[in-house]
Structures are given as structure tokens and as C-alpha cells.
Amino acid sequence: MIREPDVHICEVAPRDGLQNLDMFVPTEAKCALIDAIAAAGVREIDAGSFVPPKVVPQFADVDAVMAHALSHQATRIGALVPNFKGAERAIAAGVENIYFVISASETHNRANVRRTVAEQVEAFHAVRAAIDARPAAERPQLMGAISTSFGCSLEGDVSEAAVCDLARRFAEAGADEIGLADTVGYATPTLVKQVVAAVRREIGPDITLRLHLHDTLGAGLANAVAGLEAGIRRFDAAVSGLGGCPFAPGARGNIVTEDLVFMLERMGLSTGIDLDRLMLTREILARHIAPKHLTGHLHEAGIPKVLRRAA
């Protein structure tokens with residue numbers, strides 16, 4: 001029997017990592033990246049987004065990429081959807097996790113999905129109903145993702161009350177999980193603890209929470225530790241720190257998966273991820289993506305001998 005890791009990491013480079021690039025990454029490269037991530041033992045991959053190509057051209061090939069990703073039986077494959085139509089496409093493709101995004105910032109929500117928060121909540125209800133209408137064995141998990149949970153580059157501060165209200169509406173609508181996203185990287189450890197605690201009080205103990213952190217201001221790993229101290233055991237991250245939001249000015253990359261795995265393992269927390277194999281993803285990315293987009297302290301320093309001895 002395979003032991004569950006202490007911390008679950010969802011790799012988001014194939015979706016969040018690529019969506020903000022100014023070049024199209026070839027389909028075969030995306031598939032090779034997903035293969036390498038799965039081979040490293042990552043148990044969940046956010047493999048793309050079902051959005052119109054005119055909005056995010058990077059995902060014009062999402063159907064082909066998803067079909068390939070779903071060949072990995074040991075890894076759950078997910079997709080971000082901005083609306084009901086996108087969810088219909090994701091369900092038809094057979095994805096196992098659907099991430100439905102609503103922003104706690106009304107301004108960002110309108111920029112991101114061209115709808116009000118209220119309209120987006122109604123769409124989430126419709127997605128939940130569509131999933132529930134399917135046979136139980138064919139129902140994907142449905143996560144309600146709250147963008148700008150810790151601040152917005154368009155509005156500035158986002159109130160704790162707005163985040164909690166949206167979390168409550170997700171919970172009441174039947175979300176299987178709720179994600180709190182630091183979309184533009186404004187969070188601090190103190191703020192992470194405050195918002196996580198407030199949301200937990202709002203929705204109760206039964207719904208799983210996860211954190212989606214960006215490293216815009218260099219506080220990403222510190223915020224991950226704060227999340228751990230607040231009880232979070234599920235995180236999103238991107239290999240080589242790729243990432244950004246086309247509709248959030250100033251947004252920078254996600255926390256670096258390689259650095260996060262190293263930190264967690266050194267803290268005595270298992271991730272189930274083979275760090276040596278995960279490091280190989282840089283070779284795939286470097287063939288298609290400019291070096292300025294690729295970050296990571298572990299890539300610069302190399303894997304310290306202390307971890308290799310522990311392994």
C-alpha cells in the first residue's frame with residue numbers, strides 16, 4: 001500500500017505557468033513536460049485551461065494536451081475553467097479535477113472572466129448540477145478557487161470579509177475543495193494565517209483548503225510555511241517558478257516546486273516527489289522558453305549533499 005505524503009503538491013506549470021508567456025509552447029513540449037512531472041511522482045497536475053483561444057492563445061491545443069495527460073493513470077489531471085461552457089468541455093474531456101475560478105476582487109473578476117462575482121457564483125451552481133447529473137464514477141472533483149484572496153493589483157487590499165463570503169458561497173454550492181490564491185503575490189505570513197483561520201471559521205472543518213501562492217515579492221516560501229502552521233497540507237506550485245495572470249498587472253511566477261519540495265523534505269515532511277527527476281523538467285522548458293522566465297534557488301545552487309544523504 002502506497003503511503004500518502006504529508007503534503008500534497010499540485011503542479012500548475014502546464015497551465016498557470018504557461019498562460020502568461022508571450023510565445024506559444026508546442027503541443028509536444030507541453031506533453032513532454034507533463035510526462036516528466038508525472039514521472040517525478042507528482043500526484044496532481046493542472047494541465048491546461050478550457051478557454052477560448054482568442055482569449056488565451058496558449059491553450060488552443062488544450063484538447064490534445066488533456067488527452068495525452070489523461071494517459072497517466074497514477075496522476076490526477078485537472079483543468080481550470082472560467083465559465084460553464086469551459087466546464088462542459090472539461091467534463092467531456094474526462095478531466096478528474098475541475099478548478100472553477102472566482103475572484104474576491106470584483107474588478108479582477110470582471111477583467112478575468114468578464115462577469116460579476118454574483119454571475120460567476122450562479123455559473124458555479126450550474127457546473128455543480130452538471131457534475132451531479134453524471135454517474136458517480138464519472139464525476140470530477142470540483143474546486144472553488146478564490147483568486148486575489150490576499151490582495152489585488154487592480155483594487156489593492158481585498159477584505160477578509162469578501163474572501164470569507166465567497167468561501168461560504170462555494171461551500172453552500174457544493175465545492176469539494178476551496179483554494180485560496182495569492183494571485184499577485186501580495187501575501188505575508190501573518191496575512192496567510194489570518195485569512196486561512198477566518199475562512200476555516202466561516203466554512204467549518206470538513207472542506208479541504210489549499211493554497212496557491214505566487215512569489216512576486218519574494219515571500220512565497222515563507223507564506224507556504226505560514227500555511228503549514230495554519231493547517232494547510234495542499235499547495236499549488238510550478239516548476240522553474242513559471243506563472244502569472246494575463247489579467248492581473250504585475251503578477252509574477254508561482255512558488256518554485258523544486259524549492260518547495262526541498263524545503264518540505266528538509267522539514268521532515270514527505271511529498272512523494274523525486275526531486276532529481278523533477279529537476280529534469282528544466283531541460284524541457286529551456287528548449288522553448290527564454291531564461292528570464294525560469295527561476296529557482298535549487299537550480300542555481302544544486303541539490304545539497306545533506307538531502308542526498310537523507311535520501
Side-chain angles (χ1 to χ4, degrees), residues 7-12 15-16 44 46 78 80-82 97-106 108-109 112-113 117 120-121 124 141-217 219-238 243-245 248 251-255 257 260:
V7 177
H8 175 92
I9 295 176
C10 173
E11 176 55 55
V12 301
R15 194 273 304 170
D16 192 346
E44 181 181 353
D46 181 356
L80 182 137
V81 303
N97 287 39
I98 290 178
Y99 318 118
F100 190 96
V101 60
I102 307 178
S103 179
S105 157
E106 187 76 47
H108 180 264
N109 198 74
N112 194 35
V113 296
V117 169
Q120 196 71 342
V121 170
F124 183 82
Q141 291 286 298
L142 179 60
M143 183 179 83
I146 305 178
S147 294
T148 65
S149 290
F150 303 96
C152 173
S153 55
L154 299 173
E155 285 190 11
D157 289 335
V158 172
S159 72
E160 187 177 286
V163 179
C164 288
D165 178 66
L166 190 46
R168 176 184 53 78
R169 289 199 269 181
F170 268 139
E172 291 174 347
D176 297 309
E177 183 177 8
I178 293 174
L180 303 176
D182 186 20
T183 308
V184 292
Y186 289 178
T188 64
T190 299
L191 185 59
V192 167
K193 290 181 181 180
Q194 289 174 346
V195 172
V196 169
V199 170
R200 180 54 73 198
R201 288 193 299 270
E202 185 72 29
I203 65 172
D206 297 330
I207 297 179
T208 301
L209 292 177
R210 80 163 68 185
L211 282 178
H212 177 101
L213 301 170
H214 284 245
D215 200 35
T216 306
L217 300 175
L221 288 184
N223 291 334
V225 172
L228 289 169
E229 293 174 348
I232 300 294
R233 291 297 181 269
R234 296 171 71 85
F235 294 89
D236 292 347
C245 176
R252 298 287 298 278
N254 292 271
I255 54 173
T257 311
L260 177 64

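Atom set for the values below is all heavy atoms of this structure, side chains included, hydrogens, waters and symmetry mates excluded.
- For the pair Gln120 (side chain) and Phe100 (backbone), a donor-acceptor distance under 3.5 Å is absent.
- Between the side chain of Glu202 and the backbone N or O of Asp165, no donor-acceptor pair lies under 3.5 Å.
- No side-chain donor-acceptor contact under 3.5 Å links Thr208 to the backbone of Glu177.
- Side-chain atoms of Asn112 never come within 3.5 Å of backbone atoms of His108 as a donor-acceptor pair (strictly under, hydrogens ignored).
- From Arg169, atom CZ reaches atom CD1 of Ile178 across 12.0 Å, with rounding to the nearest 0.5 Å.
- A donor-acceptor pair under 3.5 Å links the side-chain atoms of Asn109 to the main chain of Ser103, judged by distance alone.
- For the pairing with Val199, the side-chain contact (heavy atoms from CB on, under 4.5 Å) check across Leu180, Leu166, Ile207, Ile146 returns one residue only, Leu180.
- Using modelled atom types, one side-chain atom of Thr257 and one backbone atom of Ala238 make a donor-acceptor pair closer than 3.5 Å.
- Arg233 places a side-chain N or O within donor-acceptor distance of the main-chain N or O of Leu228, the cut-off being under 3.5 Å.
- Atom CG of Asp157 sits in a sparse spot, with 12 or fewer heavy atoms from other residues, nucleotides or ligands closer than 6.0 Å.
- Phe235 CZ to His8 NE2: the interatomic distance, rounded to the nearest 0.5 Å, is 11.5 Å.
- Atom CD1 of Ile98 and atom CG of Asp46 lie 11.5 Å apart (nearest 0.5 Å).
- A distance of 11.0 Å separates NE2 in His212 from OH in Tyr99, rounded to the nearest 0.5 Å.
- Here the side chain of Asp215 pairs no donor or acceptor atom with the backbone of Ile255 at under 3.5 angstrom.
- Counting only distance, with no hydrogens or angles, the side chain of Glu155 and the backbone of Glu106 share a donor-acceptor pair below 3.5 Å.
- Distance check, rounded to the nearest 0.5 Å: CZ of Phe124 to CD of Glu172 gives 11.5 Å.
- With rounding to the nearest 0.5 Å, the separation of CD1 in Ile232 from NZ in Lys193 is 12.5 Å.
- Residues Met143 and Asn97 have side chains not in contact (no heavy-atom distance under 4.5 Å, counting atoms from C-beta outward).
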